[in-house]
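Working notes, beginning with the structure itself.
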Amino acid sequence: MWFNLMKIKKGDTVLIIAGKDRGRKGKVLKAFPKENKILVEGINLKKKHQRPRRSGEKGQIVILPAPLDASNAKLICPKCGKATRVGYRFGEDKKKYRVCKKCQQEI
Ligand SMILES: [Zn+2]
């Protein structure tokens with residue numbers, strides 16, 4: 001449905017509200033609206049074995065963030081700085097704006 005959009009976008013700062021990173025904050029690096037998942041800087045880190053790029057090189061273990069469910073994160077409003085729920089409002093230009101449910105400002 002059209003309103004079933006993901007409310008968190010790339011570049012947002014989110015507060016993690018569930019899981020092992022609960023209480024931590026991070027910046028959204030990528031959003032996956034179809035899966036309702038987000039990739040957050042420094043959150044949900046997973047070890048990955050990276051294959052050697054050239055033969056003779058050793059593979060190495062790198063630590064990278066893995067996508068997590070967007071429902072485990074809450075947007076931090078850049079206007080009021082609170083973890084908030086997001087609402088939508090239609091402007092006079094018929095465009096849809098994201099608004100903070102706490103301070104009612106466009107975000
Ligand atoms: Zn706000």
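Just follow the structure's listing: the first ligand is 1, and inside any ligand the first atom is 1.
- Cation-pi contact between Lys37 and Phe32: absent, since separation from the ring centre below 6.0 Å together with deviation from the ring axis within 45° is not met.
- Taking both residues in full, the closest heavy atoms of Thr84 and Cys77 are given as CG2-CB, 3.9 Å, listed atom of the first, atom of the second, then distance.
- The structure places CG of Leu15 at 8.0 Å from NZ of Lys74, a figure rounded to the nearest 0.5 Å.
- For the atom pair Lys95 NZ and Glu106 CD, the distance stands at 10.5 Å (nearest 0.5 Å).
- Val62 belongs to a hydrophobic cluster whose other members, connected by ILVMFWY side-chain contacts under 4.5 Å either directly or through intermediates, are Leu64.
- How far CG of Leu75 is from NZ of Lys102: 10.5 Å, rounded to the nearest 0.5 Å.
- Here 4 is the count of protein N, O or S atoms positioned under 2.8 Å from the Zn ion (ligand 1), waters not counted.
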